[in-house]
Amino acid sequence: MSLLEVSGLKMYYQTREGPVHAVDGISFTLEKGEILGLAGESGSGKSSIALTLLRLLPSNAQVLEGTVRLDGREIMTLSEEKLRREIRWKRISLISQAAMNALNPVFRVGDQIKEAILAHSDIDKDTAELKVKDLLTEVGIPPDRYSSYPHELSGGMKQRSIIAMALSLDPDIVIADEPTTALDVIVQAQILVLLRNLQRSKRMAMILITHDLSLVAEMCDEVAIIYGGEVVEYASASKIFHNPKHPYTIGLIKAFPNIVAKKSRLISIPGSPPDLIHLPVGCRFAPRCPYATSKCKSEKPELLEVEPSHLARCWYASDMHL
Ligand SMILES: Nc1ncnc2c1ncn2[C@@H]1O[C@H](COP(=O)(O)OP(=O)(O)OP(=O)(O)O)[C@@H](O)[C@H]1O
Ligand code: SF4
Ligand SMILES: [Mg+2]
C-alpha cells in the first residue's frame with residue numbers, strides 16, 4: 001500500500017464561458033520518503049491538483065470524481081471538520097504558490113506559526129512557542145526573529161518561515177507548490193537545499209509542483225508531466241530525462257539540452273496549451289505535436305505502460321525516443 005494513492009481525480013471551475021476542466025482524470029501514487037514532481041507549463045492544472053487533494057478550492061470549483069487514499073483511508077469523502085482536524089497540516093501540509101504573501105503583515109511571524117500549531121493540536125501556548133523557536137532554528141532563522149513582523153524579513157526568510165509553518169505538525173507529506181519562484185536564484189538554491197535536507201531528515205514525502213525542469217531533474221524521484229489537466233507521462237526522473245516517451249516531454253528536453261544546468265528552465269515549447277473549456281476530441285497535444293497523424297486528431301490516447309513503470313499518453317509512444 002502506498003502512502004498516498006490518487007486515482008481518477010477530476011474537477012472543474014465554473015466560469016461565464018463554461019466549465020474549465022483544470023484537473024481531468026489525474027492519478028498518481030506517492031511512497032513514504034519519496035519526492036514526486038508534478039511538472040507542466042502555466043495553466044496545466046498543477047495547483048488545482050494540490051488544492052483538490054486538500055479540498056481548499058474556491059467556491060466556483062466542483063470536484064466531479066476521484067479517490068484519494070492516505071495510508072489506504074479514503075479522504076475525499078471525509079467531512080470538512082474531519083479533514084481540518086485530522087489531515088490538513090497534520091498529515092498533509094501545503095506550501096502554497098502565493099505562500100509568502102499569505103503571511104499576515106500585522107502579526108509577528110512566530111505568533112503566526114504558533115497559532116497554526118495551536119489550531120491543529122492540543123499542546124499549550126508555552127510549549128507551542130518553544131516548538132516555534134526550534135522550528136525557526138531548523139529552517140535557519142535565528143529564534144529571536146520570532147518577534148519580527150513579515151516586512152522585517154527578507155524574501156528568503158519569509159519563505160523559510162512558511163516552510164517552518166508547513167512542517168510545524170510533522171506532516172507525512174508536504175506539497176510544495178512553486179516554493180521558490182518568487183526568490184532570486186541564490187536564495188532559491190538555498191531554500192531548495194533546505195527543503196531537501198528537511199525532507200530527508202524527517203523522512204517526509206513531498207509533492208514538488210514546478211514549471212522548472214531543472215528543479216525536477218535535481219530534486220525528484222518520480223515525475224508526472226502534466227499537460228492540459230492530464231498526466232501525459234509518468235515515470236522515474238531518470239527515465240523521464242534519459243528515455244522520454246511523450247513528444248511533449250521530448251520537446252521540452254530537446255529545447256533545453258542542458259537540462260541539469262543550474263539555470264532555471266521554464267517549461268515551454270512553441271504553440272499554446274489546450275483550451276480547457278473546449279477540449280479537443282483527440283490528443284490534446286496534437287496541435288503542437290510534430291508527429292501528429294489524423295488518428296491523433298480524432299482519437300484520444302490513454303495513459304498506458306510503454307515500458308515497465310513508465311506510462312505515456314501517446315498513440316506512438318513505443319516508437320518515440322530522444
Ligand atoms: N478560480 C478559478 N476560476 C476559474 N478558472 C481557474 C481558477 N483557478 C484556476 N483556473 C484555471 O484552471 C486552469 C489550471 O490552473 P492552475 O492554477 O491549476 O494551473 P497551474 O498549472 O498551477 O499554473 P501556474 O504554473 O501558472 O501556477 C487554468 O486554465 C486556470 O486559468
Ligand atoms: S498521440 Fe499523436 S499528437 Fe498526441 S502526442 Fe502522440 S503523436 Fe503527438
Ligand atoms: Mg500553479
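Start at 1 with the first residue, then count along the sequence. Whatever order the structure lists ligands and atoms in, that order sets their numbers, starting from 1. Treat the numbers as computed from the prediction; the structure is a model and nothing was measured.
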Nearest neighbour in protein (non-hydrogen) for [atom]:
atom: atom 4 (Fe) of ligand 2; value: C283 SG, 2.3 Å
atom: atom 24 (P) of ligand 1; value: S42 OG, 3.6 Å
atom: atom 25 (O) of ligand 1; value: K46 NZ, 2.8 Å
atom: atom 23 (O) of ligand 1; value: G43 N, 2.8 Å
atom: atom 1 (S) of ligand 2; value: W315 N, 3.4 Å
atom: atom 27 (O) of ligand 1; value: Q97 NE2, 2.9 Å
atom: atom 9 (C) of ligand 1; value: Y13 CE1, 3.4 Å
atom: atom 2 (Fe) of ligand 2; value: C296 SG, 2.2 Å

Working for side-chain contact (heavy atoms from CB on, under 4.5 Å), residues K254 and L322: CA-CA 8 Å; K254 278 199 172 150; L322 256 187; 4.2 Å; yes
Determine whether a donor-acceptor pair (N or O, by modelled atom type, separation under 3.5 Å) exists between the side chain of [X] and the backbone of [Y].
X: T249; Y: K245; result: no
X: K297; Y: A292; result: no
X: R313; Y: E233; result: no
X: W89; Y: A119; result: no

Among K90, K131, R203, salt bridge (Lys or Arg N to Asp or Glu O under 4.0 Å) partner for D170: K131
S44 touching ligand 1 at heavy-atom level, < 4.0 angstrom: yes
Audit row: E230, K300, side-chain contact (heavy atoms from CB on, under 4.5 Å) steps and yes/no: CA-CA 12 Å; E230 297 181 314; K300 189 173 179 317; 2.4 Å; yes
Structural part of N60 in contact with ligand 1, heavy atom criterion under 4.0 angstrom: side chain
Proximity to ligand 1 by part of S48, non-hydrogen separation under 4.0 Å: both
[X] vs [Y] side-chain heavy atoms within contact, under 4.5 Å:
X: L94; Y: L51; result: yes
X: K125; Y: L118; result: yes
X: H21; Y: L279; result: yes

Could you tell me which atoms of ligand 1, counted from 1 in the order shown, lie closer than 4.0 angstrom to a heavy atom of [X]?
X: P58; result: 1 (N)
X: L276; result: 13 (C), 29 (O)
X: A22; result: 12 (O), 13 (C), 14 (C)
X: T15; result: 4 (C)

Heteroatom test (N, O or S) for Q97 near the Mg ion (ligand 3), limit 2.8 Å: yes
The Mg ion (ligand 3) to nearest N/O/S of S47 less than 2.8 Å: yes
May I ask you to list the atoms of ligand 2 that are less than 4.0 angstrom from any heavy atom of [X]?
X: A292; answer: 3 (S)
X: Y316; answer: 7 (S)
X: A286; answer: 3 (S)

Structural part of P247 in contact with ligand 2, heavy atom criterion under 4.0 angstrom: side chain
Ligand 2-proximal atoms of H246, by part, heavy-atom distance under 4.0 Å: side chain
Metal site atom 8 (Fe) of ligand 2: N/O/S of C289 inside 2.8 Å: yes
Flag if over 12 foreign heavy atoms under 6.0 Å of NZ, K82: no
Check: H246 ring centre within less than 6.0 Å of Y227 ring centre: no
S96 and D177 side chains, donor-acceptor separation under 3.5 Å: no
Pair T29, E5: side-chain N/O donor-acceptor within cut-off below 3.5 Å: no
Atom 30 (C) of ligand 1 touched by protein heavy atom at under 4.0 Å: no
Pair E80 + R88: basic N to acidic O under 4.0 Å: yes
Any N, O or S atom of C314 closer than 2.8 Å to atom 6 (Fe) of ligand 2: yes
N or O pair under 3.5 Å between G45 and ligand 1: yes
Selection from S59, S47, G229 by shortest heavy-atom distance to atom 17 (O) of ligand 1: S47
Salt bridge (Lys or Arg N to Asp or Glu O under 4.0 Å) between D144 and K133, worked out: CA-CA 8 Å; D144 58 3; K133 290 188 173 156; over 6 Å; no
